[in-house]
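Heads up: the structure comes next, in structure tokens.
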2 protein chains.
Amino acid sequence: MKDEIIRLGHGSGAGLTQQLIKELFVKNFKLTSLDDGVEIENRVVVSTDAHVVQPLFFHGGDIGKLAVTGTVNDVSMKGAIPKYLLITYIIEEGFKISDLKKITQSVQKTAEKANVKIIAGDTKVVEKGKADGLYLTTTGIGFLPKGVDLSTEKIKNGNTIILNGSLGDHTIAIINAREKMELMPAPKSDCASLNELVQVMLKNGKINFLRDITRGGLATILNEISSETNLGIIIEEKNMPIKKNVKAVTELLGLDPLYLANEGKLVSIVDGDTKNLIKKMKNDKLGRDSAVIGKVTDEVKGVYIRTSIGGLRPLIMQDSDPLPRIC
Amino acid sequence: MKDEIIRLGHGSGAGLTQQLIKELFVKNFKLTSLDDGVEIENRVVVSTDAHVVQPLFFHGGDIGKLAVTGTVNDVSMKGAIPKYLLITYIIEEGFKISDLKKITQSVQKTAEKANVKIIAGDTKVVEKGKADGLYLTTTGIGFLPKGVDLSTEKIKNGNTIILNGSLGDHTIAIINAREKMELMPAPKSDCASLNELVQVMLKNGKINFLRDITRGGLATILNEISSETNLGIIIEEKNMPIKKNVKAVTELLGLDPLYLANEGKLVSIVDGDTKNLIKKMKNDKLGRDSAVIGKVTDEVKGVYIRTSIGGLRPLIMQDSDPLPRIC
């Protein structure tokens, strides 16, 4: 690695994070996959996530809700049905117990809604000034239904790329809360558990691969897919679901929604006809704005977006996410 | 809860932690057990732990080694054989990558030695001043051999209490490193994975219950056992394994080794004859100083230590551990 010290970008989920993971963790731990969710044995799938989002409360969620949905989604992206959750708290001395209670109730409420059970945990307290209120780490355990096997290896030339909804909502909600921008109407985080939608998709389509679109955004994931499969990707700007108020803020701040984090969005790579799949996805509350956004192709190398005026613009992997501590 | 804000004592593992866990987590999450390790289904046992030890490097270990042994031990205390580990890093901006590498290598080395495999992880970075270098959270997954079923419910009047070695080593090593006391010879942390010793014990004794002696120390655990079983406990001061250099430091600082954290010690509650068990434990590197230290009895209520002059002194549950951030 070129760096001698850790920079914020090493936690961004983009290029610097990939580098850190590959050079430090994959090498030392001899990891065979970079997926968040991992199948161990007997169709058990596990995943773990640390959560350092700031601020702790935002429109559409809080760190507790995020910690549950984030891990539920990581387990779900393997096609598994999440069932159990473990959680650790690192709390800063002086943290309000009323806030801790609110967040803990949010954890439980979100877990119940996603049909997962909190089964164990741990609590540590550090001195004032040694944490930023509260950090949560969640670990999820789920079970893979028979016949389900999703991986980049299954992705083929000609496959269709589908999103379940609009991009950038979570990041813009966090920016609004963090910078006290007081945008009206307040942008709302899309923070949600995708486990049910995933099972609907598996029943109604030939899904080869799923990934939730978090740190690094859609563009980072598509670059990972392209690099792992050696296939090209072309997405269509005109099909891209982005909310008006999100678009306005990203233009104002010079951000590209394709690189922003979401917490209730997934990209799926699908075989064959997708009409029935899209219809069933749109019937689900979390898939109403589902759209075919592009295709996997051997006609290009790398990832491109066809702009509204028809040209192909490359979507490269960036070193860092523009906004730290988004989850 | 009486408090309105979180105090350091809420993370001590002693009375305040118990209160927080019971009133906030057990209630909200409807937890059925306070054990660190939990059996889910198909004899799968899981456990999770956050690690905030300070300093990150100390004689006998570092935060990486501790994060692995701590979770390996929690899974092992259910009698299970740990097999997989997940790990998350929360890193402070500016942290030296060389230190991160050292700690990551220590994680891997300790995992290999304990025969567990690191299978997944997550990395987050927070701004300078928002963490204390590095926090790690580990989650362990293990499998329970057939016929093994350990719990406080099995503990009976007359059962023998056994330790696998001396008390207080880890805490004194941390104090020495943190306060730069430069004691000679430097006290060494007992930080070690107990999974193999546990399997030796299960094969050679009628073990009813196991618990690793971490935050809160032996006295806190014995109080939990006494309160859960409604049985009394008497331990013998003269049998208590405590190293000379540890004893000297605790006397100097006014600490009681019975309340100090260890990271390679367990207490076991055993049925019937223990001669063969103790012999086999002493053959194990981590059980050389094993000793019978007392018994479970219905002759008293609560926990007592028989002092060297023969009197019974009550060992009460304390609110807080004298030393924060020991693990």
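Chain A is the first sequence line, chain B the second, and so forth, proteins listed ahead of strands; every chain is numbered from 1.
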Can you tell me if CG on Asn115(B) sees more than 12 non-hydrogen neighbours from other groups inside 6.0 Å? no
Mind checking the CG-OG1 spacing from Leu86(B) to Thr139(A)? Nearest 0.5 Å is all I need. 6.0 Å
Check Asp122(A) with Arg215(B), please: is the shortest side-chain N to carboxylate O separation under 4.0 Å? yes
Of the listed Val44(A), Asp36(A), Leu20(A), Asp49(A), the one with the largest count of heavy-atom pairs under 4.5 Å with chain B is Asp49(A)
Close side-chain approach of Glu41(B) and Lys83(A), heavy atoms under 4.5 Å: yes
Asn28(A) to Gln105(B) - nearest heavy-atom pair and separation: OD1-CG, 3.2 Å
Taking every non-hydrogen pair under 4.5 Å, which of Gly121(B), Ser98(B), Gly9(B), Ser12(B) racks up the most with chain A? Gly121(B)
Heavy-atom side-chain proximity of Val46(B) to Tyr84(A) below 4.5 angstrom: no
Would you please test Thr88(A) and Thr137(B) for side chain to side chain donor-acceptor pair (under 3.5 Å) and show each step? CA-CA 7 Å; Thr88(A) 69; Thr137(B) 288; 3.3 Å; yes
Non-hydrogen atoms of chain A under 4.5 Å away: do they reach the side chain of Ser47(B), the backbone, both or neither? backbone
At a heavy-atom separation under 4.5 Å, does Arg7(A) approach chain B through its side chain, its backbone, both, or neither? backbone
In terms of heavy-atom proximity below 4.5 Å to chain A, should Ile90(B) be classed as side chain, backbone, both, or neither? side chain
Check whether any side-chain heavy atom of Ile87(A) sits under 4.5 Å from a side-chain heavy atom of Thr48(B), and report yes or no. no
Chain B interface, residue from Gly129(A), Gly94(A), Ala131(A) that has the most non-hydrogen pairs under 4.5 Å: Gly94(A)
Tell me, do Glu127(B) and Gln54(A) make a side-chain contact under 4.5 Å, heavy atoms counted? no
Should Leu100(A) and Ile6(B) count as side-chain neighbours, where that means a heavy-atom distance under 4.5 Å? yes
At their closest point, which heavy atom of Ala120(A) faces which heavy atom of Val38(B), and how far apart are they? CB-CG2, 3.8 Å
Relative to chain B, which segment of Ile119(A) carries a heavy atom at a distance below 4.5 Å: side chain, backbone, both, or neither? both
Sort Leu8(B) into side chain, backbone, both or neither according to what part of it lies under 4.5 angstrom from a heavy atom of chain A. both
Within 6.0 angstrom of Glu153(B) CD, more than 12 heavy atoms from elsewhere: no
For Val125(B) and Gly11(A), which heavy atoms make the closest approach, and how far apart are they? CG2-N, 3.3 Å
Side chain / backbone / both / neither for Glu4(A) at chain B, heavy atoms under 4.5 Å: backbone
Heavy atoms only: give me the nearest Phe29(A)-Lys117(B) pair and the separation to one decimal. O-NZ, 3.9 Å
Would you call Phe95(A) and His10(B) a side-chain contact if the rule is heavy atoms closer than 4.5 Å? no
Show the nearest heavy-atom pair for residues Ile118(B) and Leu31(A), with the distance to one decimal. O-CD2, 3.4 Å
Can Lys130(A) and Tyr135(B) be said to form a side-chain contact (heavy atoms from CB on, under 4.5 Å), step by step? CA-CA 10 Å; Lys130(A) 301 293 181 188; Tyr135(B) 301 138; 3.6 Å; yes
Using only atom types and a distance under 3.5 Å, with no angle test, would you say the side chain of Lys124(A) pairs donor to acceptor with the backbone of Val52(B)? no
Is Lys30(A) salt-bridged to Glu112(B), going by a charged N under 4.0 Å from an acidic O? yes
